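The structure displayed is predicted, hence computed values, not measured ones. This chain uses plain numbering: 1 for the first residue, then up along the sequence. Atoms within a ligand are numbered from 1 in the order they appear, just like the ligands themselves.
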Amino acid sequence: MTTKNGFKVSVIGTGRMGSALATALFKAGFPTTVWNRTSARTEPLGRLGLHVAPSLKAAVDAADVVIFNVSNYATSLELLKDREVASALSGKMLVQLTTGIPQDAREMASWARQNDTSYLDGAIMGYPSGVGTQDYTVLYSGPEALFDRVKPVLLAFGGNAVLVGAEIGHASALDLAALNFMTGAMFGFLQGQVVCEAERLPAGVFAQTVKDLMPVLDGFLQQLFAKLEKKDYVGDEATIEAWSAVPKELLEWSKDKRMDAGIASAHHELFQRAIRAGQGQADFAYLYEVLRQGK
Ligand SMILES: NC(=O)c1ccc[n+]([C@@H]2O[C@H](COP(=O)([O-])OP(=O)(O)OC[C@H]3O[C@@H](n4cnc5c(N)ncnc54)[C@H](OP(=O)(O)O)[C@@H]3O)[C@@H](O)[C@H]2O)c1
């Protein structure tokens, strides 16, 4: 069958994200087939005009490019244990968009090598509602030639399809690093909101303060990048001892209010390890060395 965009695509897993990916492919003009363990979840896609495969093997048979988006890599590998599915994938292109860690990507790449399947590992950097928009970022790792070949398909997911590199674990490593950064910021916001609400500040004040502080945070990060690059840990602006007061005070406050102190105690412990190592006068950047060491 000749298709508008040259590829027939199947999406395996039509949960929140998989449904968005399949819809974006269909809207971009690719003949799109879906398969999901729980068939009810494919019904809205079927009504939209996507082809719903009766089995995983049928979905793989229907496509040149097979996109996996199930909960985790262990589930993907479990599904791929089926010999008929594995042999149906032979000679095809497999793009894994399930979230995982670099070891998962390497394990999947090894499966692909053993089963004569071309493999790209991907990491989605956004919510399902953003899929298909111009700025949406998905990171990939794997062979450049394969990325270039399949790029028209990948661009259906969003305008910013980035090949991080050939090392198969790099997309998930960067994803892990970036998501951890965002998780830290979001937890920080929620913790601050708990403090402000308990202390009866008017609603919305903390959110506005956080917005106003974005340029300050940006400045702090710029200094941190520069210091780390030079491994310059001199505390010329503020010391670890000064910073360590933040979690100490939050611990006291949380105890007094009988509220969760998990974030404060984790930060307190990291600062104390630096201080015990004799680095109380060092810059915040020194905490990088603490994080690099095992306990
Ligand atoms: N949602 C997001 O914002 C987002 C963002 C970036 C990346 N991701 C990643 O995308 C992946 C899917 O996330 P999601 O939010 O779409 O989750 P979800 O809505 O919970 O969907 C999970 C999918 O995995 C399938 N699944 C789970 N266990 C299975 C099994 N044993 N056999 C076959 N299929 C199985 C589910 O099938 P059933 O319907 O049969 O349960 C469903 O299709 C995850 O790796 C997630 O980290 C999600």
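The closest side-chain donor-acceptor pair between Asn72 and Thr75 falls under 3.5 angstrom. Between the side chains of Thr239 and Glu241, not a single donor N or O lies within less than 3.5 Å of an accepting N or O. A side-chain donor from one of Ser110 and Gln114 sits under 3.5 Å from a side-chain acceptor of the other. Side-chain atoms of Ser90 and Asp116 include a donor-acceptor pair closer than 3.5 Å. With hydrogens and angles left out, the side-chain atoms of Ser244 and Gln272 include no donor and acceptor closer than 3.5 Å.
More than 12 heavy atoms of other residues, nucleotides or ligands lie within 6.0 Å of CG in Asp236, so this atom counts as buried by the packing criterion.
In summary, the atoms of ligand 1 found under 4.0 Å from a heavy atom of Thr98, numbered by their order in the structure, are 45 (O). Per-residue contacts place Thr14 under 4.0 angstrom from the following atoms of ligand 1 (heavy atoms of the residue considered): 43 (O). Which parts of ligand 1 touch Gly15 is read off a 4.0 Å heavy-atom cut-off, strictly below it: atoms 16 (O), 19 (O), 21 (O), 42 (C), 43 (O). Atom numbering of ligand 1 starts at 1 in the shown order; those under 4.0 Å from a heavy atom of Gly126 are 3 (O), 5 (C), 6 (C). When each atom of ligand 1 is checked for a heavy atom of Tyr127 under 4.0 Å away, the hits are 3 (O). Distances below 4.0 Å separate heavy atoms of Gly13 from the following atoms of ligand 1: 43 (O). Which parts of ligand 1 touch Thr99 is read off a 4.0 Å heavy-atom cut-off, strictly below it: atoms 7 (C), 8 (N), 9 (C), 45 (O), 46 (C), 47 (O). Within the listing of ligand 1, atoms 1 (N), 2 (C), 3 (O) sit less than 4.0 angstrom from a heavy atom of Pro128.
Aromatic ring pairs are classed by plane angle as parallel below 30°, tilted from 30° to 60° and perpendicular above 60°; the pair Phe206 and Phe189 is parallel.
Think of Ile168 as one node in a network of Ile, Leu, Val, Met, Phe, Trp and Tyr side chains linked at under 4.5 Å; its network also takes in Ile12, Trp35, Leu56, Val60, Val66, Phe68, Val70, Tyr73, Leu77, Leu79, Leu80, Val85, Leu89, Leu94, Met108, Trp111, Tyr119.
The heavy atom nearest to atom 34 (N) of ligand 1, out of those in Arg37, Gln96, Arg41, is found in Arg37.
At a heavy-atom distance under 4.0 Å, only side-chain atoms of Asn36, from C-beta outward, approach ligand 1. Heavy atoms from both the backbone and the side chain of Thr38 come within less than 4.0 Å of ligand 1.
Looking only at protein heavy atoms, the nearest one to atom 26 (N) of ligand 1 is Ser71 OG, 3.9 Å. Remark: minimum distance from atom 18 (P) of ligand 1 to any protein heavy atom is reached at Arg16 NH1, 3.5 Å. What sits closest to atom 29 (C) of ligand 1 on the protein, heavy atoms only, is Thr75 CG2, 3.3 Å. Ranking protein heavy atoms by distance to atom 4 (C) of ligand 1, first place goes to Met17 CE, 3.5 Å.
Between Ile124 and ligand 1, a contact under 3.5 Å exists for no N or O pair. Checked against a 3.5 angstrom limit, the closest N/O atoms of Leu97 and ligand 1 fall outside it. Where the criterion is an N or O separation shorter than 3.5 Å, residue side chain and backbone included, Val70 meets it with respect to ligand 1. Residue Asn69 has at least one nitrogen or oxygen atom sitting less than 3.5 Å from a nitrogen or oxygen atom of ligand 1, judged on distance alone.
A donor-acceptor contact shorter than 3.5 Å links the side chain of Glu167 to the backbone of Gly169.
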Does the salt bridge (Lys or Arg N to Asp or Glu O under 4.0 Å) test come out yes or no for Glu252 and Lys255, once each step is laid out? CA-CA 5 Å; Glu252 255 175 61; Lys255 204 170 152 197; over 6 Å; no
Apply the test salt bridge (Lys or Arg N to Asp or Glu O under 4.0 Å) to residues Arg276 and Glu269: give CA-CA distance (whole Å), side-chain angles for both, the deciding distance (0.1 Å), then the verdict. CA-CA 10 Å; Arg276 285 197 295 273; Glu269 170 56 19; 3.4 Å; yes
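Within the 4.5 Å cutoff, the side chain of Lys92 has no heavy atoms near those of the Asp64 side chain.
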